Asks: 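So that we are looking at the same thing, I have put the structure below in structure tokens.
FYI, the numbering just counts along the sequence from 1. Please read all numbers here as calculations on a predicted model, not as lab measurements. Both backbone and side-chain heavy atoms feed into the values below; hydrogens, waters and symmetry mates do not.
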Amino acid sequence: MSIFVYLLTFIMELGDILRLMKKEGLRLKKIRNIGIAAHIDAGKTTVTERILYYTGKTYKIGEVHEGTATMDYLPQEQERGITITSAVTTCYWDDHEIQIIDTPGHVDFTIEVERSLRVLDGMIAVFCGVGGVEPQSETVWHQADKYRVPRIAFVNKLDRIGADFFTVLQAMEEKLGANPVPLQIPLGQEDGFFGVVDLIALKGIVWNEEDLGATYRYIEIPESYREKAIEYRENLFEKLSLIDDHFMELYLDGGDIEEKVIHETLRKGTITLKCVPVLCGAALKNKGIQPLLDAVVRYLPSPTDIPPVSGTDPQTGEIITREARIDEDLSALAFKVVMEEGRKLIYIRIYSGQLDVGDEVYNVNIGKKEKVSRIYRIHANHKERIDEAKAGAIVGIVGLKETSTGHTLTKNKPILLEPIEIYKPVISVAVEPKRNIDQDKLIQVLRRISEEDPTFVLKADEDSLQTVVSGMGELHLDVIMRRIREEFGIEIHIGKPQVVYKETIQKEASVEHTFEKTINNILCKGWISLVVIPNERGKGISIISNIINDTHPVYPYFGAIEEGIFESSNLGVLKGYPLTDIIVRVNDASFNNLDFAHLTLKMAAYEALRKACNEAEPVLLVPIMSLTVTLPNEFLGDIINDLNSRKCQILNITAKDKITVVTAHAPLTKMFGYSTEVRSLSQGRASFTMFFSHYDRLENE
């Protein structure tokens, strides 16, 4: 009898576990972690505001141009009308939970996009119907390619003069190498845009202006659009037939294809990155958002649709994975740090397991345990305390004092997830307080900001006794300097912007060098023979060893030689800038004392590299920026003359109706104050974007 009771209890408990796992699986299937990203001024924050309104998250539509956008909550964002920091929120649509990260469009804040895409499962790429695929659109798209993020596209601003939905589709193919699959085409154009054609249902959709587009109705497609709609529906089916064999069979049979099958095939193609569903509208005029939300739910992946997150075992270096289940050990990635009232709020994405308030977590990167004191669900700058967070969640946590951007958190089974790539700053300024008593406070504030923003670097210049800060561009540093004044109340003096140079060599040089040091009355020596050779631009530093025989005495200590070379490369021989684009070939090395082999070989390599670079004609490399100027045709001559005077290399000039787009490579040293100059030359009608491309030599620099 006791065995029967035991078995019955076991079966009941197993049933409870299975029901729990089934419930958890259904919960995960209804989660969408998405980002909204685009070029600056394409309208992504406006799209986000409409999403929040129509999903009932907000009761009033916030407007970027009025400074009332929910997701642009920082004073500078509201004043400038741009997104500076990525903002997180959660809303609900069709019984699905959608966690959204609204990202900046300006290239100076591209780290916000990078770390957001690192933790997202899907993305909405917003394109301006007039500008099309703009430079930062390309950057964001390739960032998404790197992390293999499935995406859908929304062509916005179709009510603007010069908007052309079909030109944007073509640009997506040509510039991004994408396979755009339009699910809609516009009804009307420019100021006559009034709705869209749903190519799957083969119906028109028109939004009601009386309730700010909250409701819409289906209409018969106007006769003048029917032929084009049928043509694009056929194109849609042809593209889907190349994605799925079953769909191809149905299409070739010539019968009606159920909408459910169309949606399933689109979902499969989107998740496998074989196609990009494209929708259209005008967010500011409240048109096109609800079908976009339907597409998010239908086509973008849930946490269970993407491959299990992979990382390395910190002990063995082997590749291991974690599935999106709560019965797995915790694995989470910290992707953003915000300092609030002296406390660290850390945004994390939970890939597996469960996190509860009071849990002790293990930071794999630093090898330390820390305790979670609070967990928050985030809505822009508002926080809601919760007791737990499960796999698939994006939450904020408090209590981790040493955790930083890119760190992995686990509990019992360590896994080291791929870190977030941090971009190198290219521009520096010296900063000091106007009042000496603010010096310590300023340093604390700068350290706090650098912890929040990995692309903002702080260092003390020992030669000039100045505090030097570096960032991604003039706007980036200007935003931070204003934060220091307005948010922290510190008046500061700011030096002129200085470029972060690098150094390289122009010719080959060979050296032999001996490092000698007396340690405990014993003369210790390390000797090395190496050659430095110019490397290709952008290739960095490569070390080639001719000490490949494991019987060679130095073979076990080659790591010390590499340490010496890399440490020496941080301080160039010309003006102290980091060395890059060199090949170091180590031909031979020796030492005379086993106990001090590591030290003597490291120092010999350190000094030998400096000696070799001095003999190899060192030169400065300047940051070269990728510049795109959009201007009315009548100002083209003046703009080109100005770019030539700044030693820019013109790459392409593209005329589009009354507008010309000029792309060029521009040395950063010559581009300070360009925003003022380009406005002056074009009567305020030209715009430009500029982001770091590569380092190269500039004559007379």
Asks: List the steps and the verdict of side-chain hydrogen bond (donor to acceptor under 3.5 Å, both in side chains) for E370 and T403.
Replies: CA-CA 9 Å; E370 297 191 281; T403 298; 2.8 Å; yes

Asks: Please check if the number of heavy atoms outside E360 that lie under 6.0 Å from its CD is greater than 12.
Replies: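 Check passes, neighbour count above 12.
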
Asks: Output the distance between atom CZ (R151) and atom CG (L176), rounded to the nearest 0.5 Å.
Replies: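 Nearest 0.5 Å value for the CZ-CG distance: 8.5 Å.
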
Asks: Output the distance between atom NZ (K502) and atom CG (L621), rounded to the nearest 0.5 Å.
Replies: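 Going from NZ on K502 over to CG on L621, the span is 9.0 Å.
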
Asks: Report the distance from atom CD of E607 to atom OG1 of T514, rounding to the nearest 0.5 Å.
Replies: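 One finds 10.0 Å between CD of E607 and OG1 of T514.
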
Asks: Would you name the heavy atoms of K507 and E615 that are closest together and state the gap between them?
Replies: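 The answer is CE-O, 3.1 Å.
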
Asks: So T518 and C524, side chain to side chain contact (heavy atoms under 4.5 Å, CB included) or not? Walk me through it.
Replies: CA-CA 6 Å; T518 301; C524 300; over 6 Å; no

Asks: Do L345 and I378 come within less than 4.5 Å of each other through their side chains, counting heavy atoms only?
Replies: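 Yes, their side chains come closer than 4.5 Å.
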
Asks: Holding to side-chain contact (heavy atoms from CB on, under 4.5 Å), I want the full list of residues that pass it with T551, two or more places apart in sequence or in another chain.
Replies: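 Result, side-chain contact (heavy atoms from CB on, under 4.5 Å) vs T551: N549.
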
Asks: With heavy-atom distances below 4.5 Å as the criterion, would you say the side chains of E508 and V532 are in contact?
Replies: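 They are not in contact (no side-chain heavy atoms under 4.5 Å apart), so the answer is no.
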
Asks: Show the nearest heavy-atom pair for residues S310 and L417, with the distance to one decimal.
Replies: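 In terms of heavy atoms, the two residues are closest at O-CD2, 3.8 Å.
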
Asks: Is it true that, when you exclude R485 itself, more than 12 heavy atoms of the residues, nucleotides or ligands shown sit nearer than 6.0 Å to its CZ?
Replies: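 Counting neighbours around CZ of R485, more than 12 heavy atoms of other residues, nucleotides or ligands fall under 6.0 Å, so yes.
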
Asks: For K441, is there an ion pair with D438 - N to carboxylate O distance below 4.0 angstrom?
Replies: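 No.
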
Asks: Does D313 reach the side chain of P414, with side-chain heavy atoms less than 4.5 Å apart?
Replies: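 Answer no - side chains too far apart.
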
Asks: Can you confirm whether L627 sits close enough to T663 that some side-chain heavy atom of one is under 4.5 Å from a side-chain heavy atom of the other?
Replies: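 No, side chains not in contact.
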
Asks: What residues, two or more places apart in sequence or in another chain, satisfy side-chain contact (heavy atoms from CB on, under 4.5 Å) together with E432?
Replies: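 Counting only residues at least two positions away or on another chain, E432 forms a side-chain contact (heavy atoms from CB on, under 4.5 Å) with H493.
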
Asks: For side chain to side chain contact (heavy atoms under 4.5 Å, CB included), just list the numbers for I484 and L442, CA-CA rounded to whole Å, side-chain angles, deciding distance to a tenth of an Å, and then say yes or no.
Replies: CA-CA 8 Å; I484 293 169; L442 176 62; 4.0 Å; yes

Asks: Measure across N535 and S542 and return the closest heavy-atom pair with its distance rounded to 0.1 Å.
Replies: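 That would be ND2-OG, 3.5 Å.
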
Asks: Any donor and acceptor pair, going by atom type alone, linking the side chain of S693 with main-chain N or O of M625 inside 3.5 Å?
Replies: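 A pair under 3.5 Å: no.
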
Asks: Check whether the side chains of E318 and T312 place a donor and an acceptor atom closer than 3.5 Å, and report yes or no.
Replies: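 Their side chains do not contain a donor-acceptor pair, so the 3.5 Å distance test is not met.
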
Asks: Start with the C-alpha gap between K368 and E402, add the side-chain angles, then the distance that decides, and say whether salt bridge (Lys or Arg N to Asp or Glu O under 4.0 Å) holds.
Replies: CA-CA 9 Å; K368 290 186 178 181; E402 297 188 54; 3.1 Å; yes

Asks: Minimum heavy-atom separation for I415 to S331, with atom names?
Replies: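 Nearest heavy atoms, I415 then S331: CG2-CB, 4.0 Å.
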
Asks: Would you find more than 12 non-hydrogen atoms of other residues, nucleotides or ligands less than 6.0 Å from L523 atom CG?
Replies: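 Correct, the count exceeds 12.
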
Asks: Apply side chain to side chain contact (heavy atoms under 4.5 Å, CB included) to residues T600 and N593 and explain how you reach the verdict.
Replies: CA-CA 9 Å; T600 53; N593 189 306; over 6 Å; no

Asks: When you compare the side chain of T405 with that of F335, does any pair of heavy atoms fall below 4.5 Å?
Replies: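 Heavy-atom side-chain distance check fails, nothing below 4.5 Å.
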
Asks: Between the side chains of R483 and D478, is the shortest nitrogen-to-carboxylate-oxygen separation below 4.0 Å, so that they form an ion pair?
Replies: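 No, this pair does not count.
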
Asks: How about V149 and D121: do any of their side-chain heavy atoms sit closer than 4.5 Å?
Replies: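 No. Closest side-chain heavy atoms not under 4.5 Å.
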
Asks: Show every donor-acceptor pair shorter than 3.5 Å between a side-chain atom in residues 563-590 and any protein atom, with sequence neighbours excluded, or say none if there are none.
Replies:
unit_1 : atom_1 : unit_2 : atom_2 : d
E563   : OE2    : H598   : NE2    : 3.3
E567   : OE2    : K602   : NZ     : 2.9
S568   : OG     : Y606   : O      : 3.0
S569   : OG     : F566   : O      : 2.7
D581   : OD1    : G538   : N      : 3.1
D581   : OD1    : K539   : N      : 3.2
D581   : OD1    : G540   : N      : 2.9
D581   : OD2    : G538   : N      : 3.2
N587   : OD1    : N546   : ND2    : 2.7
D588   : OD1    : H552   : NE2    : 3.1

Asks: Is there side-chain contact between I101 and N33, with heavy atoms separated by less than 4.5 Å?
Replies: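 No; the side chains remain at least 4.5 Å from each other.
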
Asks: So, the side chain of N363 versus the backbone of N365: is there a donor-acceptor pair under 3.5 Å, distance only?
Replies: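 Such a contact is found between N363 side chain and N365 backbone.
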
Asks: Between K411 and D359, is there a salt bridge with N-O shorter than 4.0 Å?
Replies: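 A salt bridge links D359 with K411.
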
Asks: Would you find a donor on one side and an acceptor on the other, under 3.5 Å apart, between the side chain of S545 and the backbone of I547?
Replies: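 Such a contact is found between S545 side chain and I547 backbone.
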
Asks: Checking side chain to side chain contact (heavy atoms under 4.5 Å, CB included) for the pair T504/Y695: CA distance, chi angles, key distance, verdict?
Replies: CA-CA 10 Å; T504 192; Y695 275 90; over 6 Å; no

Asks: Could you go step by step and tell me if E328 and K413 meet the salt bridge (Lys or Arg N to Asp or Glu O under 4.0 Å) rule?
Replies: CA-CA 9 Å; E328 283 268 24; K413 299 177 182 177; 5.7 Å; no

Asks: Give a yes or no on whether N436 atom CG has more than 12 heavy-atom contacts from other residues, nucleotides or ligands under 6.0 Å away.
Replies: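 Incorrect, the count does not exceed 12.
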
Asks: Can you tell me how far apart CZ (R435) and CD1 (I490) are? Round to the nearest 0.5 Å.
Replies: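 Here the rounded value is 9.0 Å.
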
Asks: What's the spacing between H665 NE2 and S626 OG if we round to 0.5 Å?
Replies: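 With rounding to 0.5 Å, NE2 (H665) is 5.0 Å from OG (S626).
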
Asks: Using ring-ring contact (aromatic ring centres under 6.0 Å, His included) as the criterion, point out the one residue from F596, Y557, W527, F515 that pairs with F591.
Replies: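 Passing option: Y557.
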
Asks: Assess the residue pair K336 and D453 against the criterion (salt bridge (Lys or Arg N to Asp or Glu O under 4.0 Å)); give the C-alpha distance rounded to whole Å, side-chain angles, the decisive distance to 0.1 Å, and a yes or no.
Replies: CA-CA 8 Å; K336 183 179 171 75; D453 183 352; over 6 Å; no

Asks: How far does CG of L620 sit from CG of D696, to the nearest 0.5 angstrom?
Replies: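 Answer rounded to 0.5 Å: 12.5 Å.
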
Asks: Report yes if the side chains of Q439 and P433 come closer than 4.5 Å at any heavy-atom pair, otherwise no.
Replies: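 Sidechains of P433 and Q439: in contact.
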
Asks: Compare every heavy atom of L458 with every heavy atom of V469, then report the nearest pair and how far apart it is.
Replies: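 So the two residues come closest at CG1-CD1, 4.0 Å.
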
Asks: Can you see whether Y351 has R349 sitting over its ring - NZ or CZ less than 6.0 Å from the centre and within 45° of the normal?
Replies: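 Here R349 passes the 6.0 Å and 45° test against Y351.
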
Asks: For I348 and L409, work out which heavy atoms get closest and say how close.
Replies: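 Nearest heavy atoms, I348 then L409: CG2-CD1, 4.1 Å.
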
